[in-house]
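The structure displayed is predicted, hence computed values, not measured ones. Hydrogens, waters and symmetry mates are skipped; everything else that's a heavy atom, side chains included, is used. Sequence positions, counted from 1, serve as the residue numbers for this chain.
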Amino acid sequence: MEPLSADEIRRSFVNSTKSQVRALALPPRFTELPWESLDFLGWRDGKAPNRGYLVVRRDGGVTGIALSTQSSGAARRFAGLCDLCNTAHHVSDVALFAARRAGTAGREGNTVGLYVCADLACSLYIRGLKELDVPQGETATPEVRAERLATRLESFVQRVLG
């Protein structure tokens, strides 16, 4: 992913009010992000732990989506699967995120949900740059997994844009 400026990120959100965008905290160590290893920028808000953000470069520019989730509770011994990167995790490390739809649909309360890696680090998991505690059954190369991730992410963005 090509690096983004803080202004580009803040201008990209399609499902947030101006005040919500002003209040969001950028990712920790924003200036040190491994942009070359990212398929999208995803992070949890340090000031509001039930908030997360996805920012993706697309043909039409940059699209940012604000997400919300609930705390996952106590860790359990089951596995969960991320809908974006198909990485298996302990179930407490996968979270159901809801995104308010863009435009009128979102103002009417309509949302789109997706189970995603709780830390939104899908790009790092598919490249083996972040350790996993659950054995993986995936045998595809990181490049193939990145292509699949891009397809799933675009589908999610389209559902939010409606």
Side-chain angles (χ1 to χ4, degrees), residues 1 4-35 37-58 62-127 129-134 149-150 152-162:
M1 178 175 191
L4 296 166
S5 70
D7 285 340
E8 285 177 296
I9 291 169
R10 290 187 190 283
R11 284 193 313 262
S12 73
F13 285 91
V14 297
N15 66 341
S16 301
T17 64
K18 289 179 184 177
S19 63
Q20 289 170 328
V21 170
R22 277 193 303 270
L24 76 81
L26 290 173
R29 295 189 225 88
F30 176 68
T31 58
E32 303 167 18
L33 290 172
W35 293 101
S37 299
L38 299 178
D39 300 286
F40 66 91
L41 177 60
W43 76 99
R44 298 286 288 265
D45 192 324
K47 295 180 194 174
N50 289 343
R51 302 277 308 158
Y53 307 98
L54 293 178
V55 178
V56 61
R57 279 198 184 275
R58 303 173 61 232
V62 180
T63 302
I65 298 174
L67 307 165
S68 62
T69 189
Q70 298 299 312
S71 342
S72 59
R76 296 182 295 263
R77 296 187 59 173
F78 302 102
L81 192 65
C82 173
D83 289 334
L84 287 179
C85 66
N86 271 358
T87 299
H89 293 277
H90 290 290
V91 74
S92 58
D93 293 333
V94 175
L96 175 61
F97 284 95
R100 189 177 70 178
R101 294 191 61 205
T104 304
R107 287 189 293 278
E108 292 173 352
N110 294 316
T111 60
V112 177
L114 194 68
Y115 283 95
V116 183
C117 299
D119 60 2
L120 300 169
C122 299
S123 298
L124 302 179
Y125 290 121
I126 66 172
R127 288 173 175 76
L129 299 174
K130 197 157 183 187
E131 237 176 269
L132 292 161
D133 295 333
V134 174
L149 169 64
R152 292 182 196 110
L153 184 57
E154 180 60 25
S155 174
F156 178 67
V157 169
Q158 289 298 323
R159 288 174 48 214
V160 170
L161 294 174

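Scanning all heavy atoms of the two residues, the minimum distance from L132 to A88 falls at CD2-O, 4.1 Å. Contact between S123 and L149 at its shortest, heavy atoms only, is OG-CD2, 4.2 Å. The minimum heavy-atom distance linking L84 with R152 is given by the pair O-NH1, 2.9 Å. A pairwise comparison of heavy atoms in C82 and C85 identifies SG-N, 3.4 Å as the closest pair. In terms of heavy atoms, P28 sits closest to L33 at O-CD2, 4.4 Å. The nearest pair of heavy atoms linking N15 to G64 is OD1-O, 4.1 Å.
Side chain to side chain, T63 and R58 meet the donor-acceptor criterion of an N or O pair below 3.5 Å. For T69 and N50, the side-chain atoms include no donor-acceptor pair closer than 3.5 Å. A donor-acceptor pair shorter than 3.5 Å cannot be found between the side chains of N86 and Y125.
One finds the CG atom of L4 at 4.5 Å from the CZ atom of R57 (value rounded to the nearest 0.5 Å). Atom OG of residue S155 and atom CG of residue L153 lie 9.0 Å apart, to the nearest 0.5 angstrom. Between atom CZ of residue R51 and atom CG of residue L67 there is a gap of 8.0 Å, rounded to the nearest 0.5 Å.
Residues L81 and T87 form no side-chain contact, since every pair of their non-hydrogen atoms from C-beta on lies 4.5 Å or further apart.
For D83, there are no salt bridge (charged side-chain N to carboxylate O under 4.0 Å, His left out) partners, not counting sequence neighbours. Residues that satisfy the ring pair (Phe, Tyr, Trp, His ring centres under 6.0 Å) test with Y53, not counting sequence neighbours, are F13, W43.
No donor-acceptor pair closer than 3.5 Å links the side chain of E32 to the backbone N or O of R29. Without hydrogens or angle criteria, R10 side chain to L24 main chain gives a donor-acceptor distance under 3.5 Å.
Classification of D39 and R127 as a salt-bridged pair holds, one side-chain N sitting under 4.0 Å from a carboxylate O.
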Exercise for the section: Give the C-alpha distance, both sets of side-chain angles, the deciding distance and a yes or no for side-chain contact (heavy atoms from CB on, under 4.5 Å) between F97 and L54. Expected result: CA-CA 11 Å; F97 284 95; L54 293 178; over 6 Å; no
Practice task
Evaluate the criterion side-chain contact (heavy atoms from CB on, under 4.5 Å) for residue pair I65 and R100; output intermediate values, then yes/no.
Solution key: CA-CA 8 Å; I65 298 174; R100 189 177 70 178; over 6 Å; no
Handout entry: side-chain contact (heavy atoms from CB on, under 4.5 Å) between I9 and L41, worked out
Key = CA-CA 9 Å; I9 291 169; L41 177 60; 3.5 Å; yes
Under 3.5 Å, sequence neighbours excluded: what are the donor-acceptor pairs made by side chains of residues 104-118?
from, atom 1, to, atom 2, distance (Å)
T104, OG1, R107, NH2, 3.2
N110, ND2, A105, O, 3.2

